[in-house]
2 protein chains.
Amino acid sequence: MATRLDPAQRREQILAATLRLVARDGFARVTLRDVAAEVGVVHGLIRHYFATREQLVAAAFDAAVLGELRADAEVEEGLEPVAALADWLSTTPRGHYLVWIDAWSEAPRNPELHAALTRHHRDSDRHLAGVIQRVVDAGHATSADPAADARMLTALVDGVAVQHHAIGLIDEAEADRIVFRAAEEHLKMQPGALSRTRPTPTRGLWATPPAAAGAPVAVAEPGD
Amino acid sequence: MATRLDPAQRREQILAATLRLVARDGFARVTLRDVAAEVGVVHGLIRHYFATREQLVAAAFDAAVLGELRADAEVEEGLEPVAALADWLSTTPRGHYLVWIDAWSEAPRNPELHAALTRHHRDSDRHLAGVIQRVVDAGHATSADPAADARMLTALVDGVAVQHHAIGLIDEAEADRIVFRAAEEHLKMQPGALSRTRPTPTRGLWATPPAAAGAPVAVAEPGD
DNA sequence: AGTGGTCTTGTCCGCGCGGCCAACACTGCC
DNA sequence: GGCAGTGTTGGCCGCGCGGACAAGACCACT
């Protein structure tokens with residue numbers, strides 16, 4: 001049924017499918033057979049690429065983390081400091097936040113996931129601290145301890161994402177508003193400085209760029 | 001094996017066991033047989049009390065929410081406004097936060113859980129807004145919009161709880177410090193006003209008080 | 001003492017799971 | 001043109017699951 005594929009491409013394809021299903025069903029409920037059906041192959045083939053289910057989901061999450069970091073790095077360059085900060089604080093869009101929330105709940109009982117999550121959070125904090133520092137250097141904000149402020153804002157962004165994505169208590173506009181106002185106040189920025197920057201159009205789905213081979217990796221459609 | 005029990009007590013016992021297992025294994029992985037073993041009965045008996053697995057976990061979560069609200073109400077009365085605020089903002093302790101985080105990840109695909117979560121969040125926000133209002137009335141803080149401030153602080157508390165409980169990136173002291181400083185600044189309180197209040201000793205485990213019958217419901221031990 | 005009700009047990013069923021593996025198909029090398 | 005090597009298939013296995021149910025144990029009431 002499925003045509004023979006370059007191993008690297010097939011691997012990427014499986015990882016992308018796994019991520020899509022994790023976002024939909026959660027880590028615990030994704031089965032090898034689900035992934036195989038999503039890719040369009042037999043479940044035995046999945047095991048040809050990943051020895052166990054655990055390794056599969058861990059690899060998928062790791063790919064997501066790497067993709068996220070790469071996307072952050074892309075945003076970092078080419079944006080003015082204030083716009084970069086606004087963009088970072090409003091990363092909220094995209095269904096992949098559900099993967100993150102699911103990872104939080106799995107982390108206490110999955111060491112690999114926990115390690116990836118820790119690394120990601122540390123890197124994100126460091127990145128945000130850098131963005132804050134640049135805003136401060138540009139004279140648009142004040143921060144005695146960018147690292148501490150980054151930690152606080154990361155927590156706020158995560159908590160707001162929960163209220164928006166998981167519970168649906170607030171919409172995206174309000175989510176951004178809450179975070180922006182808190183950041184402006186905390187960093188002593190001009191009120192509205194963040195809100196006024198146009199949020200960059202949200203790129204495609206998290207990670208799974210053509211990576212090495214340049215092959216068009218299948219990516220989740222809104223309806224798929 | 002298990003002695004015949006008052007139905008209400010047995011029900012509470014099953015719910016408490018379910019909550020314990022959900023905290024340990026997550027909603028998706030708790031099985032009827034797990035719960036039965038935890039209680040010390042046969043898995044058929046669980047189905048005598050709860051028609052389906054879904055109803056069981058939903059009921060367990062609902063009980064947790066009610067218990068939480070009751071505990072919040074207990075705290076509310078009998079504490080000075082500033083101390084009450086500090087207590088609320090530092091609810092972080094206790095393993096039951098893992099249940100909350102897990103509920104966030106399950107909510108998008110479990111309507112009952114989603115409803116319970118929404119209700120709980122709304123009630124919590126309203127409660128916190130009331131606490132803030134009382135602090136303001138007492139002249140210890142300023143808030144133009146207690147409801148909005150409550151929403152922001154709730155998000156911050158949740159995000160900090162993730163960093164502390166799920167990822168272990170920060171310890172409890174730092175979690176409290178982050179939230180307290182942000183609240184003091186945002187509500188224009190005297191710096192350190194919140195940190196200086198002694199946190200109330202954390203009560204027993206979440207909810208599962210003897211409720212009606214006054215029966216000593218089995219409760220998780222740290223080592224169990 | 002008998003009776004009805006229900007708490008409790010033990011066992012059975014079909015299903016889907018992760019994992020395993022022998023056979024097939026395709027490709028590139030000699 | 002044969003011959004590895006490996007991507008791919010499809011079916012098998014044992015297990016634990018949620019669910020179902022008949023029978024037993026115990027209690028309350030008459």
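Here is the naming used below: chain letters follow the sequence lines, and residue numbers restart at 1 for every chain.
One can place CZ of A:R11 at 17 Å from C1' of D:dT8, the figure rounded to the nearest angstrom. Distance, B:F50 CZ to D:dG18 P: 15 Å, rounded to whole Å. Rounded to an integer number of Å, the gap from CD of B:E12 to C1' of C:dC7 is 17 Å. Rounded to whole angstrom, the span from the CG atom of A:L56 across to the C1' atom of C:dG19 amounts to 14 Å. Between the CG atom of A:L5 and the P atom of D:dT8 there is a distance of 6 Å, rounded to whole Å. At whole-Å resolution of the value, CD1 in B:I14 and C1' in C:dC7 are 11 Å apart.
The backbone N or O of B:I167 lies less than 3.5 Å from no partner atom in the side chain of A:H121, so there is not a single donor-acceptor pair.
Contact of A:R47 with C:dG18 (side chain to base): no donor-acceptor pair of N or O atoms is detected under 3.5 Å. Counting atom types as modelled, A:H43 pairs no side-chain N or O with a base atom of C:dG18 as donor and acceptor under 3.5 Å. Contact annotation: side chain of A:R4 to base of C:dT27, donor-acceptor pair absent below 3.5 Å.
Nearest-nucleotide assignment on DNA chain C puts the 5′-proximal partner with B:V41, out of B:V41 and A:L32. Both A:R33 and B:D34 lie close to DNA chain D; mapped to their nearest nucleotides by heavy-atom distance, the more 5′-ward contact belongs to A:R33. Both A:R53 and B:R10 lie near DNA chain C, and the one whose nearest nucleotide falls closer to the 5' end is B:R10.
In this structure, a donor-acceptor pair under 3.5 Å is present between the side chains of A:D149 and A:H186.
Residue A:Y49 places at least one side-chain N or O under 4.0 Å from the OP1 or OP2 atom of D:dT8. Contact annotation: B:H48 does not reach the phosphate of C:dT8 (side-chain N/O to OP1 or OP2, under 4.0 Å).
Contact annotation: the side chain of A:V162 approaches that of A:W104 to within less than 4.5 Å [non-hydrogen atoms, C-beta and beyond].
Looking at A:D102 and B:R109, a side-chain N of the basic residue comes within less than 4.0 Å of a carboxylate O on the acidic one, giving a salt bridge.
Side-chain proximity of B:L45 to D:dG18, C:dG18, C:dT9: nearest is C:dT9.
Using bins of under 30°, 30° to 60° and over 60° for the plane-to-plane angle, the ring pair B:H165/B:Y97 lands in the parallel bin.
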